[in-house]
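Read through the structure below, which is laid out as structure tokens, and then see the notes.
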Number of protein chains: 2
Amino acid sequence: MKRKITLKQIARELDVSISTVSKALRNSNEISEDTRQKVQAFAKLYNYRPNNIALSLKNRKTKTIGIIIPEIVHHFFSKVIRGIELVANKRGYNVIVGLSNESFSKEVINMEMLANGSIDGFILSISKETLQQQDYHHFTETINQGMPIVMFDRVVNEIQCDKVIVDDLNGSKKAVFKLIEKGCKNIAIITTKDYVSVGKLRTQGYLEALEEKQIKAKGSLILKVDDALVSDDHLEVLEKDIETLFTANKNIDGVFAVNEIYAITAMKVARKLNLRVPEDVQFIGFTDGVLSKHATPTLTTVSQHAQQMGEKAADLLIDNLEIEEEEEHYQTVVIETELIERDSTK
Amino acid sequence: MKRKITLKQIARELDVSISTVSKALRNSNEISEDTRQKVQAFAKLYNYRPNNIALSLKNRKTKTIGIIIPEIVHHFFSKVIRGIELVANKRGYNVIVGLSNESFSKEVINMEMLANGSIDGFILSISKETLQQQDYHHFTETINQGMPIVMFDRVVNEIQCDKVIVDDLNGSKKAVFKLIEKGCKNIAIITTKDYVSVGKLRTQGYLEALEEKQIKAKGSLILKVDDALVSDDHLEVLEKDIETLFTANKNIDGVFAVNEIYAITAMKVARKLNLRVPEDVQFIGFTDGVLSKHATPTLTTVSQHAQQMGEKAADLLIDNLEIEEEEEHYQTVVIETELIERDSTK
DNA sequence: TGTCAACACGAAAACGTTTTCGTAACCCAT
DNA sequence: ATGGGTTACGAAAACGTTTTCGTGTTGACA
């Protein structure tokens with residue numbers, strides 16, 4: 001077992017100084033052609049690679065990006081990570097991942113662990129608990145220490161930083177317009193409680209779309225599900241809720257759901273009630289994940305371009321890290337959604 | 001913007017030496033009660049946190065685990081990551097993620113980037129390309145440099161290291177036995193080409209199960225799909241292949257698929273051919289992901305306990321890192337599978 | 001022969017820690 | 001007064017780099 005070789009060891013072997021070795025390897029012209037070749041040959045032979053930690057300490061930057069997300073077993077978030085990783089690697093950065101698990105304290109702890117030198121900046125999406133408690137001190141502190149943050153998807157106005165968000169409002173409007181265009185007269189929405197900003201916005205989009213088409217929104221057609229129900233354990237409760245929605249409103253001919261699970265589950269319930277999709281009821285879901293593509297019938301969705309979000313977030317952060325000037329000029333990038341039509345609409 | 005404070009700055013402010021500050025903060029009894037309190041108060045006030053990079057350099061360990069996986073937008077892998085992250089955090093480690101994207105060169109590059117000091121050890125699953133080329137030099141080199149590796153799921157006998165694998169063989173057997181028990185006489189398998197070790201093992205399990213039940217395997221019932229077809233773009237090709245399988249073998253009454261997508265797609269094709277599930281044909285898939293739970297009908301699957309694999313892998317690695325003794329005693333942990341019965345079987 | 005530049009290299013500082021060792025200053029006992 | 005043992009602190013090395021600066025040697029030139 002041969003440990004990694006260091007400059008010092010090379011220097012000792014070749015009977016020169018550490019400085020000389022370092023310079024030789026970096027092709028400094030302070031070093032004679034002779035020694036340079038000798039050193040480089042030796043280094044190659046022993047497969048010398050500079051120690052990243054030492055470099056980080058010296059340069060006071062780690063070339064590493066910290067990602068904090070609420071959950072990784074989630075199509076959207078893993079696609080974002082892939083996007084981040086893609087451009088990060090291309091630009092010479094590594095990616096270190098922390099999971100908040102939707103918990104405020106884990107978010108704080110994770111950020112503190114990483115903020116002490118391990119990374120150069122954060123890309124994150126805020127946990128639900130943090131959003132509820134509205135306690136954002138860990139973000140402000142991090143930013144105050146000179147460590148840039150880019151937020152994506154679940155963002156918050158109170159914090160001044162770069163942001164990448166989905167155009168939730170217009171995405172929802174597009175979806176609802178499509179349903180109307182396809183002939184739906186009574187469109188229900190299955191959404192979450194309002195404190196999740198994206199749920200709120202999507203609901204708002206639904207309402208605005210109806211209003212613009214002079215359709216009166218009815219409270220009975222709005223189902224606000226406790227979002228803990230996305231977790232697999234509570235599927236039956238969710239199904240029950242949706243069944244109630246359908247039986248109480250026999251005239252529903254279109255459903256807009258703010259996520260895939262709700263949409264798929266609603267389709268399932270509809271079929272159980274002998275409603276034909278899309279003939280009797282049409283469905284559109286937000287978030288284009290695996291489920292939509294493989295559902296029966298395949299689900300028409302509003303795609304969020306998650307990977308593109310990750311790429312953009314990474315570019316914003318790295319630009320920020322590598323720009324010299326201190327003038328803070330934060331931007332909020334809006335990623336447009338795209339309606340992907342499949343078989344759950346006519 | 002106040003940058004992070006260092007020992008040196010505290011020392012200067014309080015007019016003591018750096019050593020004193022360090023000792024005071026670590027409650028050394030070399031330091032008088034007086035100065036200790038003074039230093040600690042000051043440190044608290046300025047929210048002092050030791051710089052991780054400096055600690056890493058000093059201790060020659062980073063308390064960080066490197067994960068290399070082929071793909072992150074994948075239920076199985078993200079669940080494994082969650083498991084790793086869970087125990088890693090609990091034991092004071094961070095997790096840094098590299099994606100090989102199923103490419104040999106990206107796997108090598110990613111490992112080299114991380115191996116130069118950034119991490120203490122690897123947890124990885126080998127990329128398909130690497131498995132095809134059978135070039136494992138980067139693994140041996142890493143291990144030779146004293147950096148431990150734990151492989152999971154896609155492992156390889158040639159490399160001596162800790163491994164965590166699924167009991168693919170018995171999992172498949174269980175599934176096929178179940179189909180036989182439920183009355184299937186003509187069981188088809190939809191699998192991948194053999195170079196993916198797990199595909200190979202699962203096929204073998206299928207064959208062994210049939211043999212044990214004195215059922216003669218028929219080549220026409222074995223569909224080996226080019227595994228590039230899992231990617232969403234080639235769904236139609238996959239469907240076509242499966243359709244051919246069904247039409248050429250009208251008597252198929254059971255299907256075992258080595259992954260979720262194959263199973264779901266096969267169910268879809270079956271229904272298109274007016275076969276009832278599970279009355280006419282029963283289905284079992286390997287890998288218990290999101291799709292299975294939300295398919296119609298819900299899919300009976302062989303669950304791999306992905307998160308548990310991640311947890312085990314992390315425990316193995318950290319044990320290895322924190323144990324003093326050099327004696328290498330590698331183990332291969334087999335995670336048992338579990339058959340989850342849903343509506344695609346009678 | 002003396003001066004000066006160019007050349008080739010080494011010493012040392014710096015990044016932020018921890019830890020070993022040395023040592024003043026004090027107290028107590030002889 | 002001398003010696004020995006605490007106590008409380010500081011100096012310095014070490015981790016592995018990069019970079020600035022200093023310096024000895026050479027050769028050319030007047």
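A note on names: the letters A, B, ... follow the listed sequences, proteins ahead of strands, and every chain is numbered from 1.
- Proximity of residues 37-53 of chain A to DNA chain C (heavy atom under 4.0 angstrom from any strand atom) is not detected for any residue.
- Applying the side-chain hydrogen bond (donor to acceptor under 3.5 Å, both in side chains) test to pairs two or more places apart or on separate chains, those with a residue in residues 58-71 of chain A are A/Thr62-A/Asp120, A/Glu71-B/Arg82.
- One interatomic measurement links the two molecules: CZ of A/Arg26 to P of D/dT20, which rounds to 11 Å at whole-angstrom precision.
- Listed pair B/Lys8 / C/dC15 meets the phosphate criterion, a side-chain N or O lying under 4.0 Å from OP1 or OP2.
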Donor-acceptor contacts, no H, no angles, side chain residues 111-119 of chain B, under 3.5 Å, sequence neighbours left out:
from     : atom 1 : to       : atom 2 : distance (Å)
B/Asn116 : OD1    : A/Lys4   : NZ     : 2.8
B/Asn116 : ND2    : B/Glu112 : O      : 2.8
B/Ser118 : OG     : A/Asn52  : ND2    : 3.0

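- The separation between B/Leu25 atom CG and C/dT17 atom P is 9 Å, rounded to whole Å.
- Listed by chain and residue number, A/Arg91 satisfy the salt bridge (charged side-chain N to carboxylate O under 4.0 Å, His left out) test with A/Asp315 (two or more places apart in sequence, or in another chain).
- Among all heavy-atom pairs drawn from A/Ile72 and A/Ile69, the shortest one is CA-CD1, 4.1 Å.
- Distance A/Leu7 CG to D/dC15 P: 12 Å, rounded to the nearest Å.
- Considering only residues two or more places apart in sequence or on other chains, A/Glu129 meets the salt bridge (charged side-chain N to carboxylate O under 4.0 Å, His left out) condition with none of them.
- Among residues at least two apart or in separate chains, ring-ring contact (aromatic ring centres under 6.0 Å, His included) pairs with a member in residues 47-78 of chain A are A/His74-A/Phe77.
- Comparing the start and finish of the helix from C/dT1-D/dA30 to C/dT30-D/dA1, five pairs each, the helix axis swings through 90°, to the nearest 10 degrees.
- Sorted pairs that involve residues 107-128 of chain B and meet ring-ring contact (aromatic ring centres under 6.0 Å, His included), not counting sequence neighbours, are lacking altogether.
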Please encode protein proximity along nucleotides 7-13 of chain D as a string of B, S and -, counting only heavy-atom distances under 4.0 Å. -BBBBB-

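- Nucleotide D/dC15 holds its P atom 14 Å from the CG atom of A/Leu57, rounded to whole Å.
- Between A/Asp34 atom CG and C/dC9 atom C1' the separation is 13 Å, expressed in whole Å.
- Across all strands shown, A/Ser22 has heavy atoms under 4.0 Å from base atoms, whether or not it also approaches the sugar-phosphate.
- Between A/Ile5 atom CD1 and D/dC15 atom C1' the separation is 16 Å, expressed in whole Å.
- With sequence neighbours excluded, the residues satisfying salt bridge (charged side-chain N to carboxylate O under 4.0 Å, His left out) with A/Glu30 are A/Lys23.
- To the nearest angstrom, P of D/dA14 lies 16 Å from CG of B/Asn59.
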Determine whether A/Lys38 and A/Glu33 satisfy the following criterion, salt bridge (charged side-chain N to carboxylate O under 4.0 Å, His left out), listing intermediate values before the conclusion. CA-CA 9 Å; A/Lys38 195 173 55 177; A/Glu33 192 56 32; over 6 Å; no

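- Under the ring-ring contact (aromatic ring centres under 6.0 Å, His included) criterion, the residue pairs touching residues 124-157 of chain A are A/Phe104-A/His138, with sequence neighbours excluded.
- Partners of A/Arg3 under the salt bridge (charged side-chain N to carboxylate O under 4.0 Å, His left out) rule, at least two apart in sequence or in another chain, do not exist in this structure.
- Here C/dG16 presents its C1' atom at 13 Å from CZ of B/Arg12, a figure rounded to the nearest Å.
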